[in-house]
Amino acid sequence: MNPRHVLAPFREAVIDLDAVRHNARHLAEAVAPARVMAVVKADAYGHGAVAVARAAVEAGVDWLGVADLDEAIALRGAGIDAPLLAWLHDPDARFSAAISRDIDLGVSSVSQLEAAADAATAAGRVANVHLKLDTGLSRNGIAPSDWPDVVARAAELEREGPIRVRGLFSHLSNTSPDEDAAQLDAFLRGVEVAEVAGLRAEVRHIASTAAALRLPDARLDMVRIGIGLYGVPPFGDGTTAADLGLRPVMTLRGRIAAVRRVAAGTGASYGYAWRAERETTLALVPLGYADGVPRQASGRAEVAIGGTRHPVVGRIAMDQFLVDVGDAEVRVGDEVVLFGDPATGAPSADDWGDAADSIAYEIVTRVGARVPRTHVDAS
Ligand SMILES: *Cc1c(COP(=O)(O)O)cnc(C)c1O
């Protein structure tokens, strides 16, 4: 065994920051002249928010976006000073902490608008807000029936001083091209109402990765790119990262912990949900559902060992699962890739999403805390 082999971690998520920069540049080019907000919520979909945000800013993205204020505060704490928006708030969120750090606030209700204005007034500063119109998802966002009142109040607070409406935004359901177009129309009507009320927002934004790529009319002033930044296709229709010119950022891997030659009829893992049909070799992989490997993918997913695919057999357990490698020569310590760049022979995160009746978003985002993230940076 060579020394590198010996030092490879037992479990590891390798995060390729060059790929982040490539994807950011590639997507920025595709949507120009619209600007790009890199969405780094949920620890950058499990990839490490600070490292990914830095790489995205280096690649020229104009904005960063997160869900929670705490995520935004952490980025500011790491010295990242790009324009930054947070849009999902605790009812008791301390907006003063956002205002003092130049964090823009997504506003989904009149009470959030008033809270932002109060915090700004108390601090003697201006709160930059992006008013969010709900155009169909029925989640956060201002209800269409409340929109005229909220924009009128926002215009009043702009004139009085504590509020600046820097953005207007919404979010698409990705139900169908027609449904998305109807949401876009509803948004543009809302923008008009805001303009009539006297608001002149600098950025109007509605598209996330899927619409940024397939609904050019939705690009407006800016697109909010999450999953595409991580080199994962948003569509779930078989379109690959390579088809989109994107490079997968995360490789989830481990090292074989044990190898066992078993006779025909031997059961494996809990419930003996799988039994060997013939004599074969089982390799034990030290990742399980505690590490985000979905139990639902038991008996359905594949991994790559030395660039060759092998099936996952038996139940995926909390810490480990088994792979049937047949008569392949594998050894304890060999690298097992659960997912990564298909160009290397590995399955994609999308493949695991399919195997788990889920989506690749959930696969990358749920990699557990026990798996160390190793950020690699070729340049
Ligand atoms: C998560 C999120 C995005 C990013 O979506 P992707 O499909 O990952 O590009 C954009 N906007 C909002 C409001 C989000 O919550």
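First listed ligand is number 1; within each ligand, the first listed atom is number 1.
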Quick check on ligand 1: any N or O pairs to the protein under 3.5 Å? One line per pair.
residue, atom, partner, partner atom, Å
ligand 1, 7 (O), Y361, OH, 2.6
ligand 1, 8 (O), Y45, OH, 2.5
ligand 1, 8 (O), I227, N, 2.7
ligand 1, 9 (O), T209, N, 3.0
ligand 1, 9 (O), T209, OG1, 2.5
ligand 1, 9 (O), G226, N, 2.9
ligand 1, 9 (O), I227, N, 3.4
ligand 1, 11 (N), R224, NE, 2.8
ligand 1, 11 (N), R224, NH2, 3.4
ligand 1, 15 (O), K41, NZ, 2.6

### Query
Taking the six-membered ring of F169, is NZ or CZ of R224 closer than 6.0 Å to its centre and within 45° of its axis?
no

Atom pairs and distances, side-chain donor-acceptor, residues 53-64, under 3.5 Å, sequence neighbours left out:
residue, atom, partner, partner atom, Å
R54, NH2, A78, O, 2.9
E58, OE1, R21, NH1, 2.7

### Query
So which pairs with a foot in residues 266-279 pass side chain to side chain donor-acceptor pair (under 3.5 Å), sequence neighbours left out?
R261-E279

### Query
Applying salt bridge (Lys or Arg N to Asp or Glu O under 4.0 Å), which residue pairs with at least one partner in residues 95-105 are found, sequence neighbours left out?
D102-R125, D104-R166

### Message
For a quick check under 3.5 Å, do T121 and D118 share a side-chain donor-acceptor pair by atom type?
### Response
no

### Query
How about S176 and D178: does a side-chain donor come under 3.5 Å of a side-chain acceptor?
no

